[in-house]
J.: 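A single structure is presented below for examination.
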Amino acid sequence: MDGREELAVRFEAERGRLGAVARRMLGSTAEAEDAVQEAWLRLERVDAAELENLPGWLTTVVSRICLDVLRGRRTEPVVVEEVVDGPEAEAELVEEVGRAMLVVLDRLGPAERVAFVLHDGFAVPFEQIGPIVGRNTAAAKKLASRARQRVRGTGEATGTGEATGSARREVVEAFLAAARGGDLDALLAVLAPEVVRRADPAALPAGRPVLLRGAEAVARETRVIGRRARFAVPVLVDGELCAAIAPEGRLRLLLRFEVADGRVAGFEVVADPARLAALELSLPGRDAP
């Protein structure tokens, strides 16, 4: 076995771990695979014999590539329901990481996300994380701490209406389950008779009213446009239990609920990019790491 073949074998031994790091950083299997492949191309251009710690070097390179991708996203326009991965790849990613975690991670700044994923997800020491994100060790610790606080939030689900805590969550999850299945009877069962649905115009097909009243009308509309509910997951917004519509873990819509007497009394669909960008999301208590 020549030197190149040996290097390829050593790289392949690291590929799975590197892919896991990149998937958590980028929230995309396709982009993660590209990042890992780019790391291999860079490895081919260096003298591997001079690398004392190949796994550490590869982790640094993949992390820096991911950091550049995350920074690039901040300058790109948001495309509603853009899906980079196919449905099978996305399903595997959601199974591995969790959609709620993905959507909250996506709200972090690039350096915060990289520091948090490396330290809390893969036990990379801050002494190694600092140079990756261009900070000293103390600053890297602060980045991860700030990210951890944002991910965990208060851990307490509250909200408008009478229901709080687990009772509220049961209602929200029942609504989402009915929406995912397009089950009209289940939707009618979870909606209050005089339910009110408000929505940003960007959330609706052309011609749909921004204000809709009555369980029958709201249920039928939800059944028609509810395909987006397959991307829905409960999250906290300022301690209030909501539902994020997040293909590939990237927030596209947010549903804010009013719950009373064990039913959804009203909900708002937030789609305006400026409103979404201003939201502080965290994981519900039982999902927090």
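These numbers were taken from a predicted model, which means no experiment stands behind them.
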J.: Going only through I, L, V, M, F, W and Y residues with side-chain contacts under 4.5 Å, is there a path from Leu67 to Phe122?
T.: yes
J.: Taking Arg180 for the side chain and Ala229 for the main chain, is one N or O donor matched with an acceptor at less than 3.5 Å?
T.: yes
J.: Counting neighbours of CD on Glu95 that are heavy atoms of other residues, nucleotides or ligands and sit closer than 6.0 Å, is the number greater than 12?
T.: no
J.: Looking at Arg23, Arg73, Arg24, which one forms a salt bridge (Lys or Arg N to Asp or Glu O under 4.0 Å) with Glu31?
T.: Arg73
J.: Taking the side chain as every heavy atom from C-beta outward, state whether Val36 and Arg15 have any pair of such atoms under 4.5 Å apart.
T.: yes
J.: More than 12 heavy atoms of other residues, nucleotides or ligands under 6.0 Å from CD of Glu44: is that the case?
T.: yes
J.: Any side-chain heavy atom of Arg148 within less than 4.5 Å of one from Phe116?
T.: yes
J.: Hydrophobic clusters here meaning ILVMFWY residues chained together by side-chain heavy-atom distances under 4.5 Å, can you tell me if Val46 and Leu41 are in one?
T.: yes
J.: Would you indicate whether the side-chain heavy atoms of Val233 and Val94 approach each other to under 4.5 Å?
T.: no
J.: Is there a side-chain contact between Asp47 and Glu50, using heavy atoms and a 4.5 Å cut-off?
T.: yes
J.: Please examine the side chains of Arg198 and Val196, heavy atoms only from C-beta on, and report whether any two atoms are closer than 4.5 Å.
T.: yes
J.: Between CH2 of Trp40 and CG of Leu58, what distance do you get to the nearest 0.5 Å?
T.: 9.5 Å
J.: If Ile, Leu, Val, Met, Phe, Trp and Tyr residues are connected whenever their side-chain heavy atoms lie under 4.5 Å apart, and connections chain through other members, are Val259 and Leu188 in the same group?
T.: no
J.: Which class fits the ring pair His119 and Phe126: parallel under 30°, tilted 30 to 60°, perpendicular over 60°?
T.: parallel
J.: CD1 of Ile65 to CE of Met25: how many Å apart, nearest 0.5 Å?
T.: 11.0 Å
J.: What are the two closest heavy atoms between Leu251 and Asp106, and how far apart are they?
T.: N-OD2, 4.3 Å
J.: Are Asp238 and Glu280 packed together at the side-chain level, in the sense that at least one heavy-atom pair is separated by less than 4.5 angstrom?
T.: yes
J.: Would you check if Leu143 and Ile129 make a side-chain contact, meaning some heavy-atom pair closer than 4.5 Å?
T.: no
J.: With side-chain contact (heavy atoms from CB on, under 4.5 Å) as the criterion, how do Arg64 and Val62 come out once you've worked through the C-alpha distance, each side chain's angles and the decisive distance to 0.1 Å?
T.: CA-CA 5 Å; Arg64 286 176 173 165; Val62 167; over 6 Å; no
J.: Ignoring hydrogens and angles, tell me if any N or O in the side chain of Asp200 forms a donor-acceptor pair with the backbone of Ala203 under 3.5 Å.
T.: no
J.: Locate the shortest heavy-atom distance separating Ala35 from Ala22; write the atom from each residue and the value.
T.: CB-CB, 4.4 Å
J.: Rounded to the nearest 0.5 Å, what separation is found between the CZ atom of Phe11 and the CG atom of Leu54?
T.: 9.0 Å
J.: What I want to find out is whether Glu173 reaches Arg168 closely enough, with some N-O distance under 4.0 Å, to be called a salt bridge.
T.: no
J.: Hey, what do you get for CZ (Phe175) to CZ (Phe257), rounding to the nearest 0.5 Å?
T.: 5.0 Å
J.: Rounded to the nearest 0.5 Å, what separates atom OG in Ser63 from atom CG in Leu118?
T.: 4.0 Å
J.: Any donor and acceptor pair, going by atom type alone, linking the side chain of Thr60 with main-chain N or O of Gly56 inside 3.5 Å?
T.: yes
J.: What are the two closest non-hydrogen atoms of Val117 and Val21, and how far apart are they?
T.: CG1-O, 4.2 Å
J.: Do Arg17 and Thr59 have side-chain N/O donor and acceptor atoms under 3.5 Å apart?
T.: yes
J.: What verdict does the side-chain contact (heavy atoms from CB on, under 4.5 Å) test give for Arg107 and Val151, after you've listed the backbone C-alpha separation in whole Å, the side-chain angles of each residue and the deciding distance to 0.1 Å?
T.: CA-CA 9 Å; Arg107 310 296 290 178; Val151 168; over 6 Å; no
J.: Test Arg146 against Leu108 for side-chain contact (heavy atoms from CB on, under 4.5 Å), laying out the working first.
T.: CA-CA 9 Å; Arg146 187 162 63 239; Leu108 301 177; over 6 Å; no
J.: So does Glu194 pair up with Arg213, basic N to acidic O under 4.0 Å?
T.: no
J.: Decide, yes or no, whether a salt bridge links Arg263 with Glu258 under the criterion of side-chain N to carboxylate O below 4.0 Å.
T.: no
J.: List the steps, then state whether side-chain contact (heavy atoms from CB on, under 4.5 Å) holds for Ile132 with Val114.
T.: CA-CA 9 Å; Ile132 293 173; Val114 169; 4.2 Å; yes
J.: Provide the closest heavy-atom pair for Leu283 versus Val104 in the form atom of the first, atom of the second, distance.
T.: CD2-CG2, 3.6 Å
J.: Salt-bridge test for Glu112 and Arg150: reply yes if a basic N is under 4.0 Å from a carboxylate O, no otherwise.
T.: yes
J.: Is the shortest heavy-atom distance from the side chain of Pro110 to the side chain of Arg113 under 4.5 Å?
T.: no
J.: For the atom pair CH2 (Trp57) and CZ (Arg42), what is the distance rounded to the nearest 0.5 Å?
T.: 8.0 Å
J.: Any chance you could lay out the salt bridge (Lys or Arg N to Asp or Glu O under 4.0 Å) test for Glu14 and Arg10, step after step, and finish with the verdict?
T.: CA-CA 7 Å; Glu14 299 293 330; Arg10 294 176 66 191; over 6 Å; no
J.: Which pair of heavy atoms, one from Leu187 and one from Ala179, lies closest together, and at what distance?
T.: CD2-N, 3.9 Å
J.: Check Val133 against Ala111 and note the closest heavy-atom contact, atom names and distance.
T.: CG1-O, 4.0 Å
